[in-house]
Asks: 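This structure is in structure tokens; I'll ask about it shortly.
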Amino acid sequence: GCKKDPNNFNLYQNYCFRLFKTGQRSTAIDTLHAALDRRPEWVAKLDTILLIFKLSREEIEKMLPSRPRAWYEMGELMESYGRLNEAEYDYIKVLEFLDAGKIEPRYFSRLYGLYMRQKRLSEALDVLRAGIKRLPEYPPFREHLGDYYLRRGIFYRALEEYGQRSEEH
């Protein structure tokens, strides 16, 4: 079934359900890895498999390909479960795999937002600066950095960031 229609998530899910239920976890993980390498956005649909078959962190790591989108989607799932340490780990992996896919602003924004909510300003700034370095044409990153400097009363730096934002757009 999966080979005939490799773009049908339900076929993969049903096949992997059978594999998990018959104790073939390793084959199921390998099958999911191959599918997610082709379609990393499918990670967002894995919540049922993750919850029913209680995949370990080690199994999740084997299952996910070295693609930023796959790790991003897993980070979002973990964050939705309230598993923030795992979400952070997944978002950091996204940044490690940036060269293996299209770089999207949300890859930085999500980790930046997580750190800001946790009041981890230094780490949030590091992510923001990495985002500016990789996506200098994306104005919201400059705006966030300008806001940071403004809140701290470092007005000349805030103006520099706001100025660069408007020059790039």
Side-chain angles (χ1 to χ4, degrees), residues 1-2 5-132 134-135 138 140-141 143-145 147-148:
C2 298
D5 190 0
N7 293 316
N8 186 331
F9 174 77
N10 290 329
L11 289 177
Y12 278 98
Q13 182 172 263
N14 293 339
Y15 178 58
C16 289
F17 261 77
R18 277 198 313 277
L19 290 171
F20 278 117
K21 285 182 179 178
T22 58
Q24 299 176 68
R25 288 181 82 88
S26 181
T27 304
I29 299 295
D30 292 345
T31 301
L32 286 168
H33 178 87
L36 297 173
D37 195 35
R38 280 192 306 284
R39 301 289 301 271
E41 69 275 12
W42 283 357
V43 172
K45 300 178 178 185
L46 290 179
D47 54 340
T48 306
I49 286 176
L50 289 173
L51 295 173
I52 291 176
F53 298 107
K54 298 183 180 3
L55 269 62
S56 69
R57 186 30 80 169
E58 183 181 330
E59 290 173 319
I60 289 170
E61 291 204 26
K62 281 183 183 173
M63 177 185 69
L64 293 178
S66 300
R67 296 174 159 281
R69 173 84 185 263
W71 287 88
Y72 177 83
E73 298 289 349
M74 185 57 68
E76 280 196 321
L77 274 177
M78 291 299 140
E79 197 171 351
S80 75
Y81 299 156
R83 292 160 63 175
L84 300 183
N85 288 341
E86 290 180 71
E88 175 188 0
Y89 177 83
D90 295 335
Y91 293 145
I92 289 169
K93 286 296 226 186
V94 169
L95 301 184
E96 289 176 16
F97 295 130
L98 284 179
D99 294 330
K102 181 177 178 269
I103 300 175
E104 298 182 34
R106 65 185 175 155
Y107 295 161
F108 299 92
S109 298
R110 198 68 184 227
L111 183 57
Y112 169 77
L114 181 68
Y115 285 150
M116 289 300 287
R117 287 188 301 281
Q118 295 175 339
K119 309 280 189 253
R120 295 165 63 186
L121 295 182
S122 175
E123 290 153 300
L125 282 175
D126 289 345
V127 171
L128 194 54
R129 288 183 178 119
I132 290 170
R134 293 303 288 261
L135 297 168
Y138 188 67
F141 291 161
E143 202 167 298
H144 290 314
L145 194 53
D147 292 347
Y148 169 81

Asks: To the nearest 0.5 Å, tell me how far Arg83 CZ sits from Met78 CE.
Replies: 4.0 Å
Asks: Are Glu59 and Lys54 close enough for a salt bridge, meaning some N to O gap below 4.0 Å?
Replies: no
Asks: With a 3.5 Å distance limit and no angle check, can you tell me whether Arg39 reaches the backbone of Ala35 through a side-chain donor-acceptor pair?
Replies: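 It does not hold such a pair.
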Asks: Rounded to the nearest 0.5 Å, how far does CZ of Phe9 lie from CG of Leu11?
Replies: 10.5 Å
Asks: Can you find a pair of side-chain heavy atoms, one from Tyr89 and one from Glu61, that are under 4.5 Å apart?
Replies: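 Heavy-atom side-chain distance check passes, below 4.5 Å.
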Asks: State whether a side-chain donor-acceptor pair under 3.5 Å links Tyr115 with Glu88.
Replies: yes
Asks: Please give me the minimum heavy-atom distance between Met116 and Ala124, naming the atom from each residue.
Replies: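 Closest approach of Met116 to Ala124, heavy atoms only: SD-CB, 3.6 Å.
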Asks: Ignoring hydrogens and angles, tell me if any N or O in the side chain of Tyr91 forms a donor-acceptor pair with the backbone of Glu76 under 3.5 Å.
Replies: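 Indeed, once roles are kept as given, a pair shorter than 3.5 Å links the two residues.
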Asks: Has His144 got a side-chain atom pairing as donor or acceptor with Leu128's backbone, closer than 3.5 angstrom?
Replies: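 Such a contact is absent between His144 side chain and Leu128 backbone.
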Asks: Can you tell whether the side chains of Asp90 and Arg57 come within less than 4.0 Å, N to carboxylate O?
Replies: yes
Asks: Using the rule side-chain contact (heavy atoms from CB on, under 4.5 Å), only one of Leu36, Val94, Ile60 pairs with Met74; which is it?
Replies: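 The single option meeting the side-chain contact (heavy atoms from CB on, under 4.5 Å) with Met74 is Ile60.
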Asks: Find out whether Leu46 and Met63 are in side-chain contact, i.e. whether some heavy atom of one side chain is under 4.5 Å from a heavy atom of the other.
Replies: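 Sidechains of Met63 and Leu46: in contact.
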Asks: With the side chain counted from C-beta on, respond yes when Phe20 and Ile52 share a heavy-atom pair under 4.5 Å apart, and no when they do not.
Replies: no
Asks: Assess whether side chain to side chain contact (heavy atoms under 4.5 Å, CB included) is satisfied between Gln13 and Lys45, documenting all intermediate values.
Replies: CA-CA 9 Å; Gln13 182 172 263; Lys45 300 178 178 185; 5.6 Å; no
Asks: Could you tell me whether the side chain of Gln118 reaches within less than 4.5 Å of the side chain of Leu114, counting heavy atoms only?
Replies: yes
Asks: Between Tyr138 and Glu143, does any side-chain donor sit less than 3.5 Å from a side-chain acceptor?
Replies: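 Glu143 and Tyr138 do not have a side-chain donor-acceptor pair below 3.5 Å.
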Asks: With the side chain counted from C-beta on, respond yes when Trp71 and Glu96 share a heavy-atom pair under 4.5 Å apart, and no when they do not.
Replies: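 The answer is no, as the side chains (C-beta and beyond) never meet within the 4.5 Å cut-off.
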Asks: Take atom CG of Asn10 as the centre, draw a 6.0 Å sphere, and report whether it contains more than 12 heavy atoms from other residues, nucleotides or ligands.
Replies: yes
Asks: Locate the shortest heavy-atom distance separating Ala100 from Ser66; write the atom from each residue and the value.
Replies: CB-O, 3.2 Å
Asks: Dump the intermediate steps for side chain to side chain contact (heavy atoms under 4.5 Å, CB included) on Ile29 and Leu55, then the final yes or no.
Replies: CA-CA 9 Å; Ile29 299 295; Leu55 269 62; 3.8 Å; yes
Asks: Could you tell me if the ring centre of Phe141 sits under 6.0 Å from that of Tyr112?
Replies: no
Asks: Looking only at side-chain N and O atoms, does Gln24 offer a donor or acceptor that is under 3.5 Å from a partner on Thr22?
Replies: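 Yes, side-chain donor-acceptor contact under 3.5 Å.
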Asks: As an exercise, state the distance from CG of Leu111 to CD of Glu123, rounded to the nearest 0.5 Å.
Replies: 8.5 Å
Asks: Between Arg67 and Asp37, which heavy-atom pair has the shortest distance, and what is it?
Replies: NE-O, 2.6 Å
Asks: On a heavy-atom basis, which atom in Val43 and which in Leu77 lie closest, and how many Å separate them?
Replies: O-CD1, 3.3 Å
Asks: Where do Phe53 and Arg25 come nearest, in terms of heavy atoms and distance?
Replies: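 Nearest pair, atom of Phe53 first, then Arg25: O-NH2, 2.9 Å.
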Asks: Drop me the distance from Asp126's CG to Arg129's CZ, to the nearest 0.5 angstrom.
Replies: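 Interatomic distance, Asp126 CG to Arg129 CZ, rounded to 0.5 Å: 7.0 Å.
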Asks: For the residue pair Ala87 and Gly75, what are the closest heavy atoms and their distance?
Replies: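 Smallest heavy-atom distance, with atoms named: CB-O, 3.4 Å.
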Asks: Tell me, do Tyr81 and Leu51 make a side-chain contact under 4.5 Å, heavy atoms counted?
Replies: yes
Asks: Assess whether a salt bridge exists between Glu73 and Arg69, defined as any Lys/Arg side-chain N lying under 4.0 Å from an Asp/Glu carboxylate O.
Replies: yes
Asks: Can the ring centroids of Trp42 and Tyr12 be said to lie less than 6.0 angstrom from one another?
Replies: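 Yes.
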Asks: Any salt bridge between Arg134 and Asp99, counting N to O under 4.0 Å?
Replies: yes
Asks: First locate atom CG of Leu19, then atom OG1 of Thr31, and finally report the distance between them rounded to the nearest 0.5 Å.
Replies: 5.5 Å
Asks: Over 60° means perpendicular and under 30° means parallel, so classify the ring planes of Tyr72 and Tyr107, tilted if in between.
Replies: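 Plane angle between 30° and 60°, so tilted.
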